[in-house]
Amino acid sequence: MNRTRLSSCPNRAGFSIVELLVVIVVITAMLAIQLPSNAAARRTARRMQNSTQLRGIHQGLVTFANSNKNNFVGLNAKGQILEDNAINTGNSGTGDFVQARMWILLNQEFITPEYAISPSEVANIQAYDPGGAEVPAPVQWNKDAKHYSYAMLAIDTPGRLAEWKETLNSQAIVLSDRNTGTNATDRVRSIHTNNFGEWHGSVLWNDNHVGFENEQYYETKFGNGQLNRKVFDNLFDDKQEEQNQAGTNALMIIADNNIVHAGE
């Protein structure tokens, strides 16, 4: 018996060139809309993490102060600046140097090396290694291996020195993102921007509140001084000191830090 085989395969219609082009255009448009929002979300997340790390560093300062008569790292129990030696600072400078204070925090494990690097920094920098048992004593200072993203309050005047402790002062700035520019005004710059003359960054006050700010000028009050309203403090400028107004300028310092800023 002969049987006729019927085809079970229906006719299949494919996409036309025009339809394919329409799909590509729609997908491209969606990506163009989505990518900027994703980038903005990543920037926001990095800034939030950056502020979290500043709080963590401050918490390390407070924890250290609990067993040091309320004095932060870099000072002894009498509130005096530490001398530079292997035991105190790992030969990284006297206690008023930022790298010396970072060395203490890291060497005594109040923070981790990674925590000292902002998420907004370039990814391939080497974290500050404070040394350890494998490093022969005394631990020698090597500025090329001491990378960190944050600045600390200069403590070379009585007013600011009095603030480098657990005071809960909401009007005294003690930590901030660093200045990557070549001066404190028209050539100021930060890890969050490539433009000279612009500084954006996280700023932390001594009561542990922190904000992401768009400039470096603030009303401040250090130690028992008056609130500075007439001439705002520039975080990175010591100009007021030259006018014999000791302690009225914040003057965040970050000495011998070789990190390049983002984008370089």
* **Evaluation steps, side chain to side chain contact (heavy atoms under 4.5 Å, CB included), between Leu204 and Val174** => CA-CA 6 Å; Leu204 182 138; Val174 292; 3.8 Å; yes
* Evaluate the criterion side chain to side chain contact (heavy atoms under 4.5 Å, CB included) for residue pair Tyr148 and Val98; output intermediate values, then yes/no. => CA-CA 10 Å; Tyr148 48 92; Val98 177; 3.5 Å; yes
* Worked check of side chain to side chain contact (heavy atoms under 4.5 Å, CB included) between Asn50 and His192 -> CA-CA 11 Å; Asn50 188 57; His192 304 284; 3.8 Å; yes
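Of all the heavy atoms in Ala100 and Gly95, the pair that sits closest is CB-CA, 4.5 Å. Listed here is the closest heavy atom pair of Ser51 and Val210: CB-CG1, 3.9 Å. The two residues Ala86 and Asn91 have their closest heavy-atom pair at N-OD1, 3.0 Å. For the pair Phe196 and Gly181, the tightest heavy-atom approach, listed with the atom from each and the gap, is CE2-CA, 4.0 Å. Here the closest heavy-atom approach between residue Trp103 and residue Ser92 is recorded as CB-OG, 3.8 Å. Nearest heavy-atom pair, Asn195 versus Arg189, reported as atom, atom and distance to 0.1 Å: O-CG, 3.6 Å.
Side-chain atoms of Asp84 come within 3.5 Å of backbone atoms of Gly93 as a donor-acceptor pair (strictly under, hydrogens ignored). Checked by atom type and distance alone, the side chain of Asn71 never pairs as donor or acceptor with a backbone atom of Lys165 at under 3.5 Å. Of the possible polar contacts, one joining the Gln216 side chain to the Ala184 backbone as a donor-acceptor pair under 3.5 Å is found.
Contact check for Asn66 versus Glu166: side-chain heavy atoms found under the 4.5 Å cut-off. Asn169 places none of its side-chain heavy atoms less than 4.5 Å from the side chain of Asp207. In this structure the side chain of Leu61 reaches within 4.5 angstrom of the side chain of Leu175, judged on heavy atoms. Taking the side chain as every heavy atom from C-beta outward, Thr180 and Ile191 approach each other to under 4.5 Å. At a threshold of 4.5 Å between non-hydrogen side-chain atoms, the residues Leu75 and Leu161 count as touching. Contact check for Arg101 versus Trp164: side-chain heavy atoms found under the 4.5 Å cut-off. Counting heavy atoms from C-beta on, the side chains of Ser176 and Phe236 come closer than 4.5 Å. Put simply, the side chain of Val73 does not reach to within 4.5 Å of the side chain of Gln108, judged on heavy atoms.
Between the side chains of Asp177 and Ser190, no donor-acceptor pair of N or O atoms lies under 3.5 Å. Using modelled atom types, one finds a donor on one side chain and an acceptor on the other under 3.5 Å when comparing Glu163 with Asn206. Gln53 and Tyr150 share a donor-acceptor pair across their side chains, judged by distance under 3.5 Å alone.
Ile81 and Met152 fall within a single hydrophobic cluster, where Ile, Leu, Val, Met, Phe, Trp and Tyr are joined by side-chain heavy atoms under 4.5 Å apart, directly or via other members. Placement of Met252 and Tyr218 within a single hydrophobic cluster is found when ILVMFWY residues are connected by side-chain heavy-atom separations under 4.5 Å, directly or transitively. In the hydrophobic clustering of this structure, Leu105 groups with Val62; members are Ile, Leu, Val, Met, Phe, Trp, Tyr whose side-chain heavy atoms approach within less than 4.5 Å, directly or through other members. In terms of hydrophobic clustering, with Ile, Leu, Val, Met, Phe, Trp and Tyr side chains grouped at heavy-atom distances under 4.5 Å, Trp199 and Phe212 are assigned to different clusters.
Every side chain to side chain contact (heavy atoms under 4.5 Å, CB included) that Asn88 has, sequence neighbours left out, goes to Leu82, Glu83, Asn85. Scored by the side chain to side chain contact (heavy atoms under 4.5 Å, CB included) test, Asn183 finds Thr185, Asp186, Arg187 as partners (sequence neighbours excluded).
With rounding to the nearest 0.5 Å, the separation of CD1 in Ile155 from CG in Leu251 is 11.5 Å. Taking CZ from Arg42 and OG from Ser120, the interatomic distance works out to 12.5 Å, rounded to the nearest 0.5 Å. Within the model, atoms CG of Leu153 and CD1 of Ile173 stand 9.0 Å from one another, a figure rounded to the nearest 0.5 Å. For the atom pair Thr52 OG1 and Gln49 CD, the distance stands at 5.0 Å (nearest 0.5 Å). With values rounded to the nearest 0.5 angstrom, Ile111 atom CD1 is found 5.0 Å from Met102 atom CE. Between atom CG of residue Leu168 and atom NE2 of residue His209 there is a gap of 12.0 Å, rounded to the nearest 0.5 Å.
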